[in-house]
Colleague: 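I have a structure here, written as structure tokens, and I will follow up with some questions on it.
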Amino acid sequence: VPHSLGLVYRQPACDDPEIEKAAQVAVDYLNQHLLHGYKHTLNQIDKAKVWPRRPFGEVYELEIDTLETTCHARDPTPLANCPVRQVSQHAVEGDCDFHVLKQDNQLTVLHAKCHSTPDSAEDVRKVCSDCPLLIPLNDTRVVHAAQAALAAFNARHNGSYFKLVEISRAQLVPLPESTLVEFVVAATDCVAKEVIEPTNCNLLAEKQYGFCKTTLTEKLGGEEVAVTCTVFHTQPEVPQPQPDVAKTADPIPAVEQPAPALPSAGPPAPSVTLGHVM
Amino acid sequence: KVTHPGAAGPGGPLVRPCPGKVRHFKL
């Protein structure tokens with residue numbers, strides 16, 4: 001809009017209650033639309049501008065820093081109860097840009113774009129020299145650990161056969177040499193004890209996800225696998241508009257949305273593009 | 001036309017409007 005029309009923004013303080021409220025709505029939106037990785041929590045509001053919006057309302061333009069929590073995106077635990085991933089666990093931060101519309105006292109996210117980045121190995125080493133560091137999710141040791149853990153889980157589990165859905169996080173422990181892997185599984189229409197051909201097992205229409213943590217330790221003459229899984233209640237799928245950007249299999253999730261053109265009235269229905277960055 | 005409500009008024013305390021407080025820790 002030409003400046004001659006007098007459209008100007010205001011800049012409340014970043015900790016102003018109205019800005020904090022809009023930021024929380026933005027972070028909730030981010031978490032509701034994540035399909036991979038972990039929920040993020042608000043850490044700091046970097047910048048805030050408030051633009052008038054015609055014919056009604058205001059648009060909050062926010063720059064926000066987030067931190068990864070230990071709750072997976074599919075974990076129903078409320079964000080307030082999700083612990084922040086500590087530096088010693090190799091923390092991950094997110095940098096987000098949001099546009100939030102305030103109209104009729106309702107806050108609606110118009111645009112969301114986030115990039116997440118793991119802390120540097122050097123910073124983790126400053127905290128402790130033997131902290132396990134993140135390693136790529138496609139590392140053969142990681143994939144092997146997840147598959148071995150899932151096989152062990154299915155062998156000891158009464159009920160549905162579970163399939164691997166996502167490897168979410170992986171770290172290497174130097175001594176004793178072990179691989180820590182967190183992964184997501186989902187129930188199929190097969191019974192675990194009766195499965196002969198896993199490729200014939202299909203995920204249930206009403207998805208039932210589980211979140212597993214495993215430690216695979218190298219031993220003399222073999223390996224030892226410890227695995228614990230939490231199976232969540234069945235969840236309805238969050239409708240996801242078709243993405244414009246090709247999905248990749250990188251480990252850290254991000255939400256990115258193109259800004260839709262502002263309609264003349266009424267809250268817009270934002271489209272979501274899910275991408276992944278490291 | 002841009003306002004800076006966090007800036008100090010005459011005799012008032014200087015408040016830095018942005019960035020806001022760090023809730024956990026900075027990387």
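Note: hydrogens, waters and symmetry copies are ignored here, and every other heavy atom, side chains too, is used. A note on names: the letters A, B, ... follow the listed sequences, proteins ahead of strands, and every chain is numbered from 1.
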Colleague: Examine whether an atom of A:Val84 lies under 4.5 Å from a heavy atom of chain B, and if so say whether it belongs to the side chain, the backbone or both; otherwise answer neither.
Modeller: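 For A:Val84, the side chain is the part near chain B, not the backbone.
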Colleague: Rounded to the nearest 0.5 Å, how far does SG of B:Cys18 lie from CG of A:Asp16?
Modeller: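 Interatomic distance, A:Asp16 CG to B:Cys18 SG, rounded to 0.5 Å: 9.5 Å.
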Colleague: How about CG on A:Asp104, more than 12 heavy atoms from neighbouring residues, nucleotides or ligands closer than 6.0 Å, or not?
Modeller: no
Colleague: For A:Gln86, which atoms come within 4.5 Å of any heavy atom of chain B: side chain, backbone, both, or neither?
Modeller: both
Colleague: To the nearest 0.5 Å, tell me how far B:His24 NE2 sits from A:Arg85 CZ.
Modeller: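 Reported value, rounded in 0.5 Å steps: 13.5 Å.
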Colleague: Compute whether any side-chain donor of one residue and acceptor of the other, for A:Gln44 and B:Lys26, lie under 3.5 angstrom apart.
Modeller: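 A pair is found: one side chain offers a donor N or O, the other an acceptor, under 3.5 Å apart.
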Colleague: Provide the closest heavy-atom pair for B:Gly20 versus A:Cys14 in the form atom of the first, atom of the second, distance.
Modeller: N-CB, 3.4 Å
Colleague: Write out all pairs satisfying ring pair (Phe, Tyr, Trp, His ring centres under 6.0 Å) with one or both partners inside residues 58-82 of chain A, taking only residues at least two apart or from two chains.
Modeller: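 Qualifying pairs: A:Tyr38-A:His72, A:His72-A:Phe211.
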Colleague: Give me each pair satisfying disulfide (SG to SG under 2.5 Å) with a member in residues 40-74 of chain A, each pair once, sequence neighbours excluded.
Modeller: A:Cys71-A:Cys82
Colleague: Shorter than 4.5 Å, heavy atoms on both sides: which option in A:Ile19, A:Leu42, A:Asp123 has the most such pairs with chain B?
Modeller: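 That would be A:Leu42.
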Colleague: Applying side chain to side chain contact (heavy atoms under 4.5 Å, CB included) between B:Arg23 and each of A:Asp65, A:Ile45, A:Thr66, A:Thr41, report the one that passes.
Modeller: A:Ile45
Colleague: Name the residue from A:Val92, A:Leu67, A:Asn43 that meets the side chain to side chain contact (heavy atoms under 4.5 Å, CB included) definition with B:Leu27.
Modeller: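 Testing B:Leu27 for a side chain to side chain contact (heavy atoms under 4.5 Å, CB included) against A:Val92, A:Leu67, A:Asn43 leaves exactly one candidate, A:Leu67.
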